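Residues: numbered from 1 along the sequence shown. Order of appearance sets the numbers: ligands from 1, and atoms from 1 within every ligand. None of the values given here were measured: they were computed from a predicted structure.
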Amino acid sequence: SPTTSCGTRNVLEEVRPSSSNIGTKEDSRCESAPVFAAGQSRRLPKALIIGFNKCGSSALRSFLNIHPDVVAPTLEIRFFIDHYSKGLEWYRRQMPPSTSRQITIEKTPGYIKTVESLKRIYEFDPDVKLLVIVRNPVSRLQSQYAHHMANHPETRAANEFPFAAWMYNRTVKIHEVVEFWSDYASYIQQAYKIFPMNQFLIISEEDLEKDPLAVVKEAEVFLGLRRVVTGDVFVFNETKGFYCFNKTHPFFSSALEDGELDASTGCMIQTKGRPHPIIEERLLQKIIDFSRPKVEELFEYIVIVVVVVVVVVVVVVV
Ligand SMILES: Nc1ncnc2c1ncn2[C@@H]1O[C@H](COP(=O)(O)OS(=O)(=O)O)[C@@H](OP(=O)(O)O)[C@H]1O
């Protein structure tokens with residue numbers, strides 16, 4: 001392994017900042033004089049996964065990262081939200097090394113949430129490609145609940161906090177909770193006001209879950225990558241209940257750099273793909289009813305955008 005200023009750790013260990021060392025003295029010392037493999041350096045992202053959390057954003061990053069022409073830091077760097085004042089050089093230093101043939105993709109689902117971070121991204125690179133992943137609001141709420149319970153084991157042990165209690169035990173009304181977690185449309189509209197529509201790829205978690213190959217192939221075209229990912233890269237894991245990487249595939253070695261991947265199974269780590277709670281019928285119907293207008297708004301908006309793009313293409317061609 002190449003030697004770095006941090007000692008004898010290899011290049012990949014050296015470039016994976018942990019949440020505890022981002023921006024710390026040790027981190028900058030390690031990055032001040034790295035020795036990379038021939039032709040490698042840290043490069044700023046050409047594409048960003050800007051939304052949405054609990055929608056499969058990590059699996060999307062990890063599945064794109066298997067492409068030989070893609071590198072991606074595992075951590076959410078949150079540069080355009082929390083670290084902007086540290087400057088672009090700091091941001092660049094958080095990236096893994098890449099060759100000139102590779103593109104860097106960074107994932108921070110919170111970027112889509114504020115106009116300020118979107119404007120900063122535009123200033124950073126008006127041509128940057130933007131990936132957005134959305135999900136059925138019911139599953140997104142179940143995922144958020146599972147996340148909450150995993151982070152509050154004391155309530156889980158007491159078994160006193162079922163999904164319904166989590167939904168109702170708040171200062172805001174349940175319809176507001178549902179609307180908040182189903183509102184993809186207004187954030188996407190907000191982003192469309194800053195970037196041209198052709199810079200977005202909107203993906204659904206359901207598609208990623210059912211057919212990761214189709215999503216990765218779509219992304220290859222969108223990102224201008226070589227079309228090299230084939231069906232044998234992914235394999236459905238019955239125990240996990242999700243598609244995972246085929247550990248015998250030659251591309252798997254690049255997936256191993258991903259800190260959210262379980263190398264022994266080829267699947268995403270345990271915190272990705274937790275069991276979801278069963279929702280009692282009446283509450284489920286309420287969630288569906290409250291979320292439907294938001295989802296319809298999203299679909300109407302996406303359809304309008306598709307029609308506009310088709311009309312523009314036809315006009316240009318004619
Ligand atoms: N292949 C594969 N493997 C594992 N998990 C998968 C996969 N595809 C999609 N998902 C779904 O990703 C959900 C987690 O979403 P995020 O990564 O966006 O969550 S986070 O916001 O970063 O915490 C996660 O939600 P939970 O099931 O609630 O854990 C998964 O349902």
Give a table of atom pairs where an N or O of ligand 1 lies under 3.5 Å from a protein N or O.
unit_1: ligand 1; atom_1: 1 (N); unit_2: Tyr243; atom_2: O; d: 3.0
unit_1: ligand 1; atom_1: 15 (O); unit_2: Gly56; atom_2: N; d: 2.9
unit_1: ligand 1; atom_1: 17 (O); unit_2: Ser58; atom_2: N; d: 3.1
unit_1: ligand 1; atom_1: 17 (O); unit_2: Ser58; atom_2: OG; d: 3.1
unit_1: ligand 1; atom_1: 17 (O); unit_2: Lys272; atom_2: NZ; d: 3.1
unit_1: ligand 1; atom_1: 18 (O); unit_2: Lys54; atom_2: N; d: 3.2
unit_1: ligand 1; atom_1: 18 (O); unit_2: Cys55; atom_2: N; d: 3.2
unit_1: ligand 1; atom_1: 18 (O); unit_2: Gly56; atom_2: N; d: 3.1
unit_1: ligand 1; atom_1: 18 (O); unit_2: Ser57; atom_2: N; d: 2.8
unit_1: ligand 1; atom_1: 18 (O); unit_2: Ser57; atom_2: OG; d: 2.6
unit_1: ligand 1; atom_1: 19 (O); unit_2: Lys54; atom_2: N; d: 3.4
unit_1: ligand 1; atom_1: 19 (O); unit_2: Lys272; atom_2: NZ; d: 3.3
unit_1: ligand 1; atom_1: 21 (O); unit_2: Lys54; atom_2: N; d: 2.8
unit_1: ligand 1; atom_1: 22 (O); unit_2: Lys107; atom_2: NZ; d: 3.3
unit_1: ligand 1; atom_1: 22 (O); unit_2: Lys272; atom_2: NZ; d: 3.0
unit_1: ligand 1; atom_1: 23 (O); unit_2: Lys54; atom_2: NZ; d: 2.4
unit_1: ligand 1; atom_1: 23 (O); unit_2: Lys272; atom_2: NZ; d: 3.3
unit_1: ligand 1; atom_1: 25 (O); unit_2: Arg135; atom_2: NH1; d: 3.3
unit_1: ligand 1; atom_1: 25 (O); unit_2: Ser143; atom_2: OG; d: 3.3
unit_1: ligand 1; atom_1: 27 (O); unit_2: His276; atom_2: NE2; d: 3.1
unit_1: ligand 1; atom_1: 28 (O); unit_2: Ser143; atom_2: OG; d: 2.6
unit_1: ligand 1; atom_1: 28 (O); unit_2: His276; atom_2: NE2; d: 2.6
unit_1: ligand 1; atom_1: 29 (O); unit_2: Gly273; atom_2: N; d: 2.7
unit_1: ligand 1; atom_1: 29 (O); unit_2: Arg274; atom_2: N; d: 2.9
unit_1: ligand 1; atom_1: 31 (O); unit_2: Arg135; atom_2: NH2; d: 2.8

Glu89 bridged to Arg92 by N-O distance under 4.0 Å: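 A salt bridge links Glu89 with Arg92.
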
Could you walk me through whether Ile50 and Leu118 pass side chain to side chain contact (heavy atoms under 4.5 Å, CB included), step by step? CA-CA 9 Å; Ile50 58 171; Leu118 292 168; 4.2 Å; yes

Heavy-atom pair of closest approach, residues Gln102 and Pro97: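 Minimum heavy-atom separation between Gln102 and Pro97: OE1-O, 4.4 Å.
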
Quick one: pull up NZ in Lys107 and OG1 in Thr74 and give me the separation to the nearest 0.5 Å.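 Taking NZ in Lys107 and OG1 in Thr74, the distance rounds to 9.5 Å.
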
Does NZ or CZ of Lys86 come closer than 6.0 Å to the centre of the six-membered ring of Tyr91, within 45° of the ring's axis?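 Cation-pi check for Lys86 and Tyr91: fails.
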
I'd like to know whether the aromatic ring centres of Phe63 and Phe245 sit less than 6.0 Å apart in this structure.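 For Phe63 and Phe245, the ring centres are under 6.0 Å apart.
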
